[in-house]
Number of protein chains: 2
Amino acid sequence: MKASQFFISTLKEAPAEAEIISHQLMMRAGLIKRIGSGIYTYMPMGLRSVRKVEQIIREEMNKAGAMELLMPAVQPAELWQESGRWEQYGPELLRFKDRHGRDFVVGPTHEEVITDLARRDIKSYKQLPVNWYQIQAKFRDEIRPRFGVMRGREFIMKDAYSFDKDEAGMVVSYNTMYAAYTAIFTRLGLNFRAVAADNGSIGGSGSHEFHVIAETGEDDIVYNPNSDYAANIEAAEAVSMLAERAAATQTMLKTATPRCGKCEEVAQFLNIPLISNVKSIVLAVDHENEAGELSVQVVLVLVRADHSLNEVKLSKIDGLSTTRMATEAEIATAFNTTPGYIGPVATAQKVLVVADKTVANMSDFVCGANDVGFHYVGVNWGRDLPEPDVIADVRNVVAGDPAPDGNGTVDICRGIEVGHVFQLGTKYSEAMKATFLDENGKPQPLVMGCYGIGVTRILGAAIEQNFDVRGIVWPAAIAPFQVVICPVGADKNEQVRDESQKLYETLLQAGVDVILDDRGERPGSMFADWELIGVPHRVTIGDRGLKEDGMVEYRGRRDEAATKFTPADVAAHVLTQLKA
Amino acid sequence: MKASQFFISTLKEAPAEAEIISHQLMMRAGLIKRIGSGIYTYMPMGLRSVRKVEQIIREEMNKAGAMELLMPAVQPAELWQESGRWEQYGPELLRFKDRHGRDFVVGPTHEEVITDLARRDIKSYKQLPVNWYQIQAKFRDEIRPRFGVMRGREFIMKDAYSFDKDEAGMVVSYNTMYAAYTAIFTRLGLNFRAVAADNGSIGGSGSHEFHVIAETGEDDIVYNPNSDYAANIEAAEAVSMLAERAAATQTMLKTATPRCGKCEEVAQFLNIPLISNVKSIVLAVDHENEAGELSVQVVLVLVRADHSLNEVKLSKIDGLSTTRMATEAEIATAFNTTPGYIGPVATAQKVLVVADKTVANMSDFVCGANDVGFHYVGVNWGRDLPEPDVIADVRNVVAGDPAPDGNGTVDICRGIEVGHVFQLGTKYSEAMKATFLDENGKPQPLVMGCYGIGVTRILGAAIEQNFDVRGIVWPAAIAPFQVVICPVGADKNEQVRDESQKLYETLLQAGVDVILDDRGERPGSMFADWELIGVPHRVTIGDRGLKEDGMVEYRGRRDEAATKFTPADVAAHVLTQLKA
């Protein structure tokens with residue numbers, strides 16, 4: 001490719017709305033252009049990287065036995081009504097009526113369409129397993145699109161769906177996809193981690209997220225530096241900090257703690273360690289009985305004062321899938337006090353007490369006395385108050401916690417989710433009656449898995465992980481071009497033109513994805529363009545170099561300085577670098 | 001690829017809604033699955049053909065200097081309001097409001113988005129010409145989706161847009177695309193024709209359609225078997241059947257023609273040739289003056305009795321861009337009679353008389369007498385009635401008409417439109433203020449062309465042109481697989497398995513797109529599947545053949561019978577056939 005025949009439009013400044021580095025650099029390098037909020041055009045330069053990502057994904061999916069198909073973006077609402085998601089999905093789902101008034105959606109995901117396909121085309125266990133995937137533009141009407149391609153509204157996704165005859169088969173399909181994802185992100189040249197994940201609203205029994213490790217990531221990842229263990233903080237198991245409950249040594253005392261509405265203030269005022277305090281969080285669950293009568297269950301969640309509540313874990317507890325903050329009136333009725341001094345001892349009403357595992361093993365602890373300006377100290381379970389109604393892991397892991405695999409302590413890093421594998425089970429096949437005939441001729445629900453990769457998001461994540469002050473530093477596999485040839489002084493020196501053209505043809509013939517910058521730009525702005533765009537290898541063929549010592553210059557995008565080569569040797573050097 | 005790892009689901013019967021052969025065969029071969037009206041999933045087998053079409057298009061577009069990018073499917077309504085098409089486009093345009101209540105469309109085409117891109121990124125004549133293209137799913141809410149992928153609602157399109165500094169540049173870009181399209185359809189292996197076309201609602205000054213010739217086509221194409229001349233009947237020039245007007249030889253006579261409301265009846269009743277009759281068609285144009293007052297202009301269009309009105313041509317006449325059928329009341333007022341006996345002589349009111357070129361040169365003709373049951377015979381222009389207000393080509397060409405290029409006569413065939421090239425000019429750039437600075441530093445509107453190919457429609461068109469009683473007969477370039485190997489009796493004969501595997505590996509290594517049918521189907525159903533799917537080359541490696549004479553069989557999809565080869569020779573024969 002010659003740059004004069006390629007549209008290059010770099011910018012000196014990133015637009016104001018670009019908050020993070022990948023968004024800024026993609027805009028400045030002219031890889032994307034904004035059309036609307038969260039909606040972008042991929043320019044030829046950006047699309048080259050998208051296509052390279054897609055091709056790596058495609059090759060590894062095919063290798064893993066998955067088959068590519070292409071489902072429509074527009075989907076009839078009936079399918080979503082069958083699965084129940086027409087009701088469950090919020091305003092992120094783009095719904096519309098066609099000219100005949102029929103309801104449709106623009107697909108944010110394709111579980112319904114693929115399950116419909118499977119129930120019509122998979123008749124027998126002999127056809128199983130099947131794994132279908134597609135690479136396609138999806139639309140999600142994000143409430144606050146931002147970060148460029150990282151959280152856009154229209155984006156390209158690879159979504160795959162496996163169908164098996166039983167759980168064991170599904171686990172095999174899942175593990176095959178897990179391995180394929182590992183191969184994909186390895187080939188993409190990204191520093192990534194597969195982490196145990198929460199299943200979220202998609203349902204099912206097991207899942208892992210694939211995260212690109214980057215400081216700007218939106219997710220906290222708990223990992224063990226000494227082992228393979230990694231989990232999204234939403235799902236990461238927090239072990240009890242106390243192996244067992246010690247015997248009581250203190251008598252419970254109601255103690256004045258004036259103007260100490262926070263645990264830190266109580267600890268300081270009483271001159272005790274923060275970890276002796278228990279934090280009380282009051283939530284509520286609304287119930288409706290069969291007669292349509294409403295009632296409210298007040299829930300008191302207790303975590304150690306230095307810990308924070310993990311709402312995802314809490315929502316897994318029976319009956320607590322949807323909690324809300326309690327109102328002041330509800331708090332007043334249940335505890336006869338106001339927030340800041342609430343505690344589990346002698347509540348005004350019976351409330352459901354949920355104690356984090358650590359709290360359940362605490363003794364001689366401090367908590368609110370349900371009386372403004374007072375706390376209890378020396379509180380002990382069983383003696384001063386009943387045992388908790390529920391004991392569960394409801395807190396977020398913190399760095400330094402013991403690793404759940406027993407091997408040292410965990411650390412926390414930030415990640416950008418670029419892939420997700422789910423064990424869906426029979427959630428969709430049961431709702432949509434997608435069955436097959438088993439070996440005994442009996443209908444059984446198909447057992448499904450689903451597997452997503454955010455294709456365009458990978459571009460953003462790769463940049464968040466690979467940039468410097470001059471611009472993008474693309475991993476070799478997804479750079480829009482592998483090599484750029486920069487002639488300097490070509491207008492007045494025929495040898496510059498000849499050597500540039502010769503090298504260009506040599507590299508092209510060797511199958512290298514090379515671009516020759518024949519635009520005639522001044523050296524400074526030409527170099528700045530290519531450093532911003534992030535092409536990994538550059539050869540400068542300069543008027544002066546050729547005259548002075550007959551040499552040309554090679555410089556890798558991460559190199560501190562250029563290295564000199566004769567024009568005859570530089571191609572071989574570039575080819576060696578490409579293989580490295 | 002092995003068939004056991006590929007999802008093949010053929011059907012014995014096509015679904016009832018499949019009216020045309022390509023739709024029936026695509027459904028039966030399992031290339032597509034219907035999700036909703038005009039909405040399909042491309043199954044792995046069908047997607048392989050789609051990708052082959054896309055790849056040929058991509059290669060030829062790149063060769064022609066066009067650059068691939070990818071625009072969003074979802075587009076802000078503001079752009080359509082700027083171009084004026086928010087108002088002009090009918091219910092085919094999918095409009096929706098996002099969660100914040102802002103208007104958007106799902107793009108049926110991308111002139112607005114690309115013009116917006118150009119006005120922001122093209123600053124100078126030095127950046128011109130530019131040609132950007134994309135391959136993407138589009139949505140048009142057709143009122144009556146039908147014919148499978150031929151007139152679906154969601155479909156894949158290649159759309160390209162060129163930007164030039166002047167008309168001359170646009171014509172060069174247009175001709176380059178015309179040549180690229182010719183190369184594309186040639187490589188696709190289709191019998192096609194480029195035909196001069198009407199520009200339709202997209203606007204602009206010149207255009208050609210590319211049609212796949214097939215009896216089931218929706219369009220009539222006028223062509224000259226002796227030359228390159230071809231045009232869509234909408235746009236095909238109809239020459240006058242009379243070089244000049246002959247002198248009058250008859251006196252005009254009002255003649256009783258009872259119950260002769262049609263020209264054919266008049267001709268028969270009076271025993272005169274049909275071509276002596278003039279057909280009267282009454283239309284109306286609604287006007288609104290600046291004061292908002294409405295008025296109606298009645299238009300009388302005259303074509304020779306054996307000819308038919310061409311509404312597209314009529315609409316090109318000044319003031320007649322939007323006509324409608326006149327009401328009975330309007331006809332009664334203007335002609336003081338009822339349809340069947342209307343004519344241009346002595347109308348009750350002044351009406352606008354538009355005569356087709358042939359009619360304008362007729363003499364001694366017959367027409368309605370504006371009196372029920374009467375016609376005039378021996379009518380002559382200038383003597384019996386004023387010369388027509390407008391003389392224009394307003395009729396459809398018929399087979400046998402003199403060719404407009406003067407070289408013999410034209411014929412008519414039917415075609416399926418698969419591509420379209422337009423000279424847009426400055427329609428969009430002026431509406432959207434997309435300018436560049438010319439050599440003198442003055443802003444000028446960009447001069448545009450646009451170029452579409454219906455990617456998925458090509459599959460249907462290729463099948464309409466290439467099928468037989470057994471199924472699809474794919475052109476080699478777009479068959480899902482080039483070669484299928486069918487082992488017969490592999491379960492009981494190891495040699496069958498070995499020879500099949502050996503041939504499979506040999507062809508794979510030669511870069512052939514081959515599938516080995518290892519499903520263990522019975523021969524009859526296996527052969528029927530592959531003939532239905534339309535794979536061009538088949539090698540059968542049979543238990544019996546190997547035992548009897550050590551031979552295997554090759555059969556081309558169009559061959560009457562199979563040819564025998566030794567297992568050692570068959571690969572070479574297949575490779576020769578692939579090159580043919």
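Both backbone and side-chain heavy atoms feed into the values below; hydrogens, waters and symmetry mates do not. Owing to the predicted nature of the structure, the values given are computational and were not obtained by experimental measurement. In what follows, every chain begins at residue 1, and chains take the letters A, B, ... in the order their sequences are listed.
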Query - Heavy-atom side-chain contact between A:Gln134 and B:Leu47 under 4.5 Å - result: no
Query - Interchain contact, A:Tyr40 with chain B, by part (heavy-atom threshold 4.5 Å) - result: backbone
Query raised in the report: Given that the side chain runs from C-beta out, which part of B:Arg51 has a heavy atom under 4.5 Å from chain A: side chain, backbone, both or neither?
Result: side chain
Query raised in the report: Taking B:Gln5 for the side chain and A:Gly65 for the main chain, is one N or O donor matched with an acceptor at less than 3.5 Å?
Result: no
Requested in this report: Sort B:Arg48 into side chain, backbone, both or neither according to what part of it lies under 4.5 angstrom from a heavy atom of chain A.
Outcome: neither
Query raised in the report: So which part of B:Ala137 gets closer than 4.5 Å to some heavy atom of chain A, the side chain, the backbone, both or neither?
Result: neither
Report task. State, with a plain yes or no, whether a side-chain heavy atom of A:Arg95 is found less than 4.5 Å away from one of B:Phe96. Result -> no
**Report entry** Closest-packed option against chain A by number of heavy-atom pairs under 4.5 Å, given B:Leu94, B:Ile39, B:Asn131
**Finding:** B:Leu94
**Report entry** B:Arg102 versus chain A, the contacting section by heavy-atom distance below 4.5 Å
**Finding:** neither
Report task. Side-chain contact test, heavy atoms from C-beta onward, threshold under 4.5 Å: evaluate it for B:Phe7 versus A:Asp121 and give yes or no. Result -> yes
Report summary line: In this structure, CD1 of A:Ile143 is separated from NE2 of B:His100 (nearest 0.5 Å) by 5.5 Å
Report task. Check B:Arg99 against A:Pro91 and note the closest heavy-atom contact, atom names and distance. Result -> NH2-CG, 3.2 Å
Query raised in the report: Is any side-chain heavy atom of B:Val50 less than 4.5 Å from a side-chain heavy atom of A:Leu70?
Result: no
**Report entry** B:Trp132 CH2 to A:Met43 CE distance, which is reported to the nearest 0.5 Å
**Finding:** 4.5 Å
Requested in this report: To the nearest 0.5 angstrom, please state how far the CZ atom of B:Arg153 sits from the CZ atom of A:Phe104.
Outcome: 4.0 Å
**Report entry** A:Val130 versus chain B, the contacting section by heavy-atom distance below 4.5 Å
**Finding:** side chain
**Report entry** Side chain / backbone / both / neither for A:Glu92 at chain B, heavy atoms under 4.5 Å
**Finding:** both
Report summary line: Honestly, the part of A:Ile35 sitting under 4.5 Å from a heavy atom of chain B is both
**Report entry** Within 6.0 Å of NZ in B:Lys126, more than 12 heavy atoms from elsewhere
**Finding:** no
Report task. Answer with side chain, backbone, both or neither: which region of B:Ile156 has an atom nearer than 4.5 Å to a non-hydrogen atom of chain A? Result -> side chain
Query - Which of A:Leu79, A:Leu117, A:Val113 touches chain B most, by non-hydrogen pairs under 4.5 Å - result: A:Leu117
Report summary line: Between the CE atom in A:Met45 and the CE atom in B:Met67, the distance rounded to the nearest 0.5 Å is 10.0 Å
Query raised in the report: For A:Phe155, is it the side chain, the backbone, both, or neither that has a heavy atom closer than 4.5 Å to a heavy atom of chain B?
Result: neither
Query raised in the report: Which bit of B:Asp116 comes within less than 4.5 Å of chain A, counting heavy atoms only: side chain, backbone, both or neither?
Result: side chain
Report task. Please determine, among A:Lys97, A:Arg519, A:Met1, A:Lys33, the option with the most heavy-atom pairs under 4.5 Å with chain B. Result -> A:Lys33
Requested in this report: Report the option among A:Arg120, A:Gln136, A:Gln75 that has the most heavy-atom pairs separated by less than 4.5 Å from atoms of chain B.
Outcome: A:Arg120
Query raised in the report: Under a 4.5 Å heavy-atom cutoff, which of A:Gly36, A:Gly152, A:Pro76 has the most pairs with chain B?
Result: A:Pro76
Query raised in the report: chain A heavy atoms under 4.5 Å from B:Glu68: which part of the residue, side chain, backbone, both or neither?
Result: both
Query - Residue, of B:Pro44, B:Ser9, B:Gly46, B:Gly90, that accumulates the most heavy atom pairs under 4.5 Å with chain A - result: B:Pro44
